[in-house]
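Here's the structure we're looking at; comments come further down.
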Amino acid sequence: MVTITVSEKGGQQSTFEFSKPEITIGRMKGNDIVLPKGNVSKRHSRILITDAAFTIVDLGSTNGTYVNGRKITGEQPITLSDKIYIGDFILQVEQEAAGIGAPPPAPPAPPPGPGGAPMDLQPEPFQDIQPEPMDMGGPPNPGPPPAPPAPQIEPRSADVPRLESGWQPRPQEDVTVDRPADRMLSRVSGPSSVAGPSAILDSQELGSEFDPAFHAAQMDVARVLFETINPQELPYGYPPNPDDQNHFQQAVANAVGTVNPSVDRDRLTSVLVSECVGLGPLEAYLDDPSIRDIYVNRFDRVVIRREGALASAPHAYSHPALLTAAAYRLLGPRDVEVLTDEVRFGDGTKVHVVMPPLATEGPVITVRKPPTSHASLDELVQNGALSQGMAEFLSRAAMAGRSIVIAGPTSSGKSTLLSALTGELAGGTRVVSVEDHAHIQLPENAVRLEANPGMGYDSRYLVQAALAMHPQRIVVDECRGAEAYDWVTAAACGTEGSMATTHGSSAADALGRLESLCLLGSRDVTPRGIRDQIARAVNIVCVVNRSNEGFRLQQVTEVQGVDLDAFRLNDIFYYRVEGTGGAFHPTGYVPMFYEDLRNAGVEVDFGIFRE
């Protein structure tokens, strides 16, 4: 019988007993000893028990296996007094099996370096701040040349080796050698068996509601129409006046009579008149509550997003000149012609227009409509966006004053999740929101601010103004500029429990982007100082991604601090693709503030962190 004691850096200890000749160690289930941290590989090490000795072998892990502070490169004999370092864990064989003799002594340590420790000491066992790439096997590539001597860093416990001046970052190849389909999530500190979002998105096909016969009739009528009128005669004012309406009603009716199409003539006439004096197909799609986004890529190519799925719209424009006229009507009269601008409707709908020559195939119009209803966390659970355990955890985190950053690509559901979280706040909470267009739900005692860059009032101006409004929390929807610095400094000291959204495919990516944006807001602060403030400001990072059903919460991570030049992260929940579907899983890690809640007498369920 062999007993192995596992000690975590926080002081927790576990004991395992085995009566087998081989013991595997790794992060995933199926190993004999499971160490659920991001800096432990899926299959990290193996301990072999023979009649003569104990031997440990590294299985090509990313961060390596260490015995008494020295990184092993092959089979390494170990004794009962040796300490094995794997990620944040220290393992020690406590008891010999009967008949097993003492192995040969370990080779002597090399001469001490400048700080008094062996020259080849590396801090990889404690780099939980770095995400793990795919395990590709093979020897690691040599790192960069040694850096100049750096100050000594105190270890976190008596058993942790001291980090010395010879430390170098992991070779760049370690974070880029992966399969293209898994690249996005290979940087996530959670289990790397999770399939990358790109593997899901690539299989999503564009649906089609397009009516080619009707569109052919549209183009025929438009061709005949422009034989009788000059496209320059199209009115650019909106809404249309009755005289223009009557004039083009008659002209279109004459053109329809000339073409004599086989489709519904009344509907065809209505569509053409709308294009001549109004916004054309956009008008019907703007009034359809089931349509969230409209993309006009060309006069004959219109795409809509309905219930989270993209599809070619039933109708497009009949002629390029009619699309150009609609674009000018959206932009409105201008003293100076503009090639790109954004227009906002009274209901919060945003319309972005790009004109030629910037758009080479004619005007490009992007319409994003505000949500007509706000989904709660429970409704998102019913829709499959997250699990019940995730919803309970995020609700507790929001009410407990944890600052949350929500990351993901464009149109991935960041604002939807943010609105669900702000809906969990108590009505008496003093919240100030800064949005590009007002659309998230807020408690009763909230103040809503909307940026207007065209008039010189951008998001940073409003975040700075919010600080004078005595807020308890500041909510910023879409952090994309220097306002990130003001939000971080506010959340770090005074407005705990603030929330923000930004772009990023993982927790590490989101924090890296936040760091870059903060440098735009204050060039006098060092990058290390910015990282320290971000680590104090951000407690939880949620990563969302698009799915065929809408969106999905892909990763929930706690920010524990910053070590040297990177953030120290621990995944709490993650989504793992399983065949054609997938499931949400906890990692087993319990966030630090949950213990504080229990000690404060708050009833919390620790079962959500177990499978």
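Small disclaimer: the values here were computed from a predicted structure and weren't measured. Keep in mind that the numbers below use all heavy atoms, side chains included, and drop hydrogens, waters and symmetry copies.
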Can you pull the ring-ring contact (aromatic ring centres under 6.0 Å, His included) pairs that have at least one residue in [range], sequence neighbours excluded?
range: residues 469-516; value: none
range: residues 421-458; value: His437-His439, Tyr457-Tyr461
range: residues 232-263; value: Tyr236-Tyr328

Assess the residue pair His585 and Phe573 against the criterion (ring pair (Phe, Tyr, Trp, His ring centres under 6.0 Å)); give the C-alpha distance rounded to whole Å, side-chain angles, the decisive distance to 0.1 Å, and a yes or no.
CA-CA 6 Å; His585 296 276; Phe573 299 96; over 10 Å; no
The single option from Ile404, Ile440, Val405, Val544 that satisfies side-chain contact (heavy atoms from CB on, under 4.5 Å) with Leu418 is Ile440
Option from Val541, Leu394, Ile540, Thr557 for which side-chain contact (heavy atoms from CB on, under 4.5 Å) with Ile572 holds:
Ile540
Ser274 (side chain) donor-acceptor with Val271 (main chain) under 3.5 angstrom:
no
Residue pair [X] / [Y]: nearest heavy atoms and the distance that separates them:
X: Ala321; Y: Pro231; value: CB-CB, 4.0 Å
X: Ala313; Y: Tyr285; value: CB-OH, 3.4 Å
X: Ser506; Y: Val543; value: C-CG2, 3.6 Å

Qualifying salt bridge (Lys or Arg N to Asp or Glu O under 4.0 Å) pairs with a residue from residues 222-235, counting only residues at least two apart or across chains
Asp220-Arg223
For Asp288, give me all partners under side-chain contact (heavy atoms from CB on, under 4.5 Å), at least two apart in sequence or on another chain.
Ser290, Ile291, Arg306
Hey, does the Lys NZ or Arg CZ of Arg531 hover above the aromatic six-ring of Phe567, less than 6.0 Å from the centre and inside 45° of the axis?
no
On the six-membered ring of Tyr575, is Arg552 placed so that its NZ or CZ lies under 6.0 angstrom from the centre and within 45° of the ring axis?
yes
Verify whether one side chain among Asn254 and Gln250 offers a donor that lies under 3.5 Å from an acceptor in the other.
yes
Distance alone, cut at 3.5 Å: any donor-acceptor contact between the side chains of Asp571 and Gln555?
yes
Kindly state each residue pair satisfying side chain to side chain donor-acceptor pair (under 3.5 Å) with at least one member in residues 388-403, sequence neighbours excluded.
Ser395-Glu424
